[in-house]
Amino acid sequence: MISAPRTATDRTKLPYCHESFHNLQELRHSASLANKVFIQRDYTDGTICKFQTKFPSELDSRIERTLFEDTVKTLNNYYAEAEKIGGQSYLEGCLACLTVYLIFLCIETRYEKVLKKISRYIQEQNEKIYAPRGLLITDPIERGMRVVSLHSLQTTRDSNRSCETDQNTKTQRCHLSNTETTETRRGTGRRKLEKAGGEETLLSYLKATAGETERERMMMED
Amino acid sequence: MKNCEYQQIDPRTLRTSTTRTSSTLPCGRKSSHRLRRKWEVFPGKNRFYCDGRIMLARQCGVLPLTIGLIFITSGLFFTFDCPFLVHLTVFIPVIGGVLFVFVIVSLFQTSFTDPGILPRASPDEAADIERQIDNSGSSTYRPPPRTKEILINDQVVKLKYCFTCKMFRPPRTSHCSLCDNCVERFDHHCPWVGNCVGKRNYRFFYAFIVSLSFLTSFIFGCVITHLTLRSQGDKGIIQAIQDSPASVVELVICFFSIWSILGLSGFHTYLVASNLTTNEDIKGSWSSKRGEESGNPYTYNNIFTNCCVVLCGPMPPSLIDRRGFLPADDAPQTVTSDAELPPFMAKNDTNMEENCQEFALSCTA
């Protein structure tokens with residue numbers, strides 16, 4: 001029997017936290033809005049990328065204020081480093097100008113390097129701090145640098161258990177996608193996900209798919 | 001039972017359907033590897049080529065004319081004027097060649113690069129913003145709906161809500177009606193290059209117009225020199241023109257374009273030096289004529305710094321990830337203003353099974 005058309009197949013060169021995010025994407029339909037928190041941009045310093053450090057009230061009981069603020073402040077520092085105007089950026093700009101900007105096709109800019117650092121940082125934060133508390137941060141680049149979004153993982157556990165009996169077709173979709181392993185390179189990881197249960201699922205899944213990300217990223221390069 | 005029904009629909013849909021939208025279902029074995037990339041479902045009015053590597057506005061305007069004029073003028077120059085002028089100095093064709101390459105490369109980069117398009121807000125974000133708008137509201141003065149005021153460098157800046165993209169536009173961002181996208185640091189939509197000019201491709205655009213003004217001035221000067229040298233030696237100007245009619249064509253093209261190109265270069269040099277965009281300049285956003293204490297909050301108050309920041313600043317990444325793959329959850333996660341997806345793929349459809357059945361019936365009909 002051909003499976004439902006909502007299983008993960010190829011991945012782009014996104015870090016694996018987006019893999020988990022993708023799982024949550026499917027669950028998003030069943031998750032209520034209260035389980036998502038969006039941290040907006042802070043424009044007081046101009047158009048540079050900076051997020052508000054104000055602690056959202058929805059997270060009061062979920063995570064310590066200091067941890068959250070540290071994460072956002074570190075992210076802001078990373079973005080400030082990427083957009084820093086100084087010697088290196090001028091050198092890059094002048095070199096690019098002389099080569100009629102063709103150099104952008106060949107080398108990775110400093111911004112892109114910092115974005116990779118940010119992805120790794122978010123991954124690490126998810127593993128160490130947020131996943132144990134039942135939350136997941138998504139990389140702002142996924143959202144067009146507009147927001148940092150936090151998802152609650154509570155719905156994962158609840159949805160998995162209630163999927164079969166739930167009449168809502170969206171929840172059904174999540175059941176189908178979580179239990180069926182079809183033409184997907186991530187099939188193994190997904191099986192592990194649905195065999196385990198609850199929040200500890202995410203950690204094991206993250207670890208299981210950690211190795212696959214790099215391989216896939218290389219395969220995706222074209 | 002419902003699971004079975006849902007699964008039964010898929011094979012029929014997959015076998016009978018040949019449209020692109022249906023091919024996203026992990027349809028059978030044949031197109032299981034055929035995943036859609038994000039550019040295929042991009043909601044803006046853009047055209048994509050080379051599997052998403054190159055993008056243009058849907059209305060590419062007079063880009064073919066621009067390319068044609070440049071190629072024709074340069075071609076005529078290299079064919080008819082250079083052989084004559086190379087006797088003067090060999091650098092003339094060399095400089096001409098370098099300028100020509102600069103112009104063409106920067107033109108293509110301006111036209112084919114993402115100008116800084118902001119992806120539209122996902123439905124969750126849009127709903128979150130809506131909630132915030134409903135909840136907030138001061139008891140005293142209530143600003144017009146859907147604007148937000150923020151302070152940037154002690155300057156009050158109004159952020160407007162974009163109804164198409166369902167988000168508050170960041171500062172200096174504007175929605176281009178021709179491309180139907182919000183573009184960061186929106187300068188203008190240039191029909192000559194067939195694309196918007198924004199944060200990511202402004203430096204290419206500036207390089208294009210500056211090198212083009214050098215090229216047209218150079219060709220103009222060389223043609224004048226050519227005709228002058230030919231008309232010397234008792235030949236007269238009429239004879240010279242008859243000997244080299246192509247030069248007259250180049251002269252006419254260069255003469256008419258030089259005014260506008262030089263003017264545009266001068267204008268954009270002023271904008272770069274004061275860290276303004278065409279959009280802001282035209283609207284007079286930071287003009288002191290308004291009588292308010294307003295100045296450009298983005299300027300560094302130093303011409304050199306402004307130039308460096310605008311032209312040599314860090315190159316921001318493209319936010320639309322056009323070559324990324326769509327997740328197997330078919331419907332795009334962005335808000336679209338027009339419903340192009342067939343009913344069975346509507347994301348917010350709660351009665352999906354009915355639609356699935358309808359579609360199945362229509363396939364078998």
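In this text the structure is predicted, and so the values were computed from the model without any measurement.
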Quick check for you: to the nearest 0.5 Å, what is the distance between B/Lys199 atom NZ and A/Thr47 atom OG1?
6.0 Å

Heavy-atom count check: over 12 atoms from other residues, nucleotides or ligands less than 6.0 Å from A/Asp60 CG?
yes

Minimum heavy-atom separation for B/Pro314 to A/Ile85, with atom names?
CD-CG1, 4.4 Å

Side chain from CB out, backbone as N, CA, C, O: work out which of these in A/Ile48 comes under 4.5 Å of a heavy atom of chain B, or both, or neither.
neither

Counting only heavy atoms not in B/Phe214 (residues, nucleotides, ligands), do more than 12 fall under 6.0 Å from its CZ?
no

When the 4.5 angstrom heavy-atom criterion is applied to B/Ile150 and chain A, the contacting part is side chain

Chain A contact via B/Phe102 - side chain, backbone, both or neither, heavy atoms under 4.5 Å
both

Please look at B/Pro297 and chain A and tell me whether the side chain, the backbone, both or neither of the residue comes under 4.5 angstrom of a heavy atom of that chain.
neither

Would you mind checking which part of A/Thr109 comes under 4.5 Å of any heavy atom in chain B, side chain (CB onward), backbone (N, CA, C, O), both or neither?
side chain

With a 4.5 angstrom heavy-atom cut-off, is it the side chain or the backbone of A/Leu91 that approaches chain B, or both, or neither?
neither

Side chain, backbone, both or neither: which part of A/Gln40 has an atom under 4.5 Å from a heavy atom of chain B?
side chain

Quick one: CG on B/Asn153 to OH on A/Tyr43, what's the gap to the nearest 0.5 Å?
15.0 Å

Donor-acceptor contact present, side-chain B/Gln109 to main-chain A/Tyr101, <3.5 Å:
yes

I need the B/Glu125 CD to A/Lys36 NZ distance, nearest 0.5 Å.
11.0 Å

I need the B/Ile129 CD1 to A/Phe38 CZ distance, nearest 0.5 Å.
8.5 Å

Here's a test for you: under side-chain contact (heavy atoms from CB on, under 4.5 Å), which of A/Met145, A/Arg146, A/Glu142 qualifies with B/Leu319?
A/Met145

Strictly by salt bridge (Lys or Arg N to Asp or Glu O under 4.0 Å), give each pair with a member in residues 40-53 of chain A just once, sequence neighbours left out.
A/Asp42-A/Lys50, A/Asp45-A/Lys50

Could you tell me which portion of A/Val147 (side chain, backbone, both or neither) has an atom closer than 4.5 angstrom to a non-hydrogen atom of chain B?
side chain

Crowded around B/Tyr300 OH? As in, over 12 foreign heavy atoms under 6.0 Å?
no

To the nearest 0.5 Å, what is the distance between CZ on B/Arg203 and CZ on A/Phe104?
5.0 Å

Heavy atoms from other residues, nucleotides or ligands near NZ of A/Lys113 exceed 12 (cutoff 6.0 Å)
yes

Give the minimum heavy-atom separation between B/Cys312 and A/Cys94, together with the two atoms involved.
SG-SG, 4.1 Å

Could you look at B/Ile117 and say if it's the side chain, the backbone, both or neither that has a heavy atom under 4.5 Å from chain A?
neither

What are the two closest heavy atoms between A/Leu115 and B/Pro317, and how far apart are they?
CD1-CG, 3.4 Å

Does A/Lys84 have more than 12 heavy atoms from other residues, nucleotides or ligands lying within 6.0 Å of its NZ?
no

Between the main-chain N or O of B/Ser122 and the side-chain N or O of A/Arg143, is there a donor-acceptor pair closer than 3.5 Å?
no

Need one label for A/Cys97: side chain, backbone, both or neither, based on atoms under 4.5 Å from any heavy atom in chain B.
backbone

Out of A/Leu95, A/Leu102, A/Val100, which one racks up the most heavy-atom pairs below 4.5 Å with chain B?
A/Val100

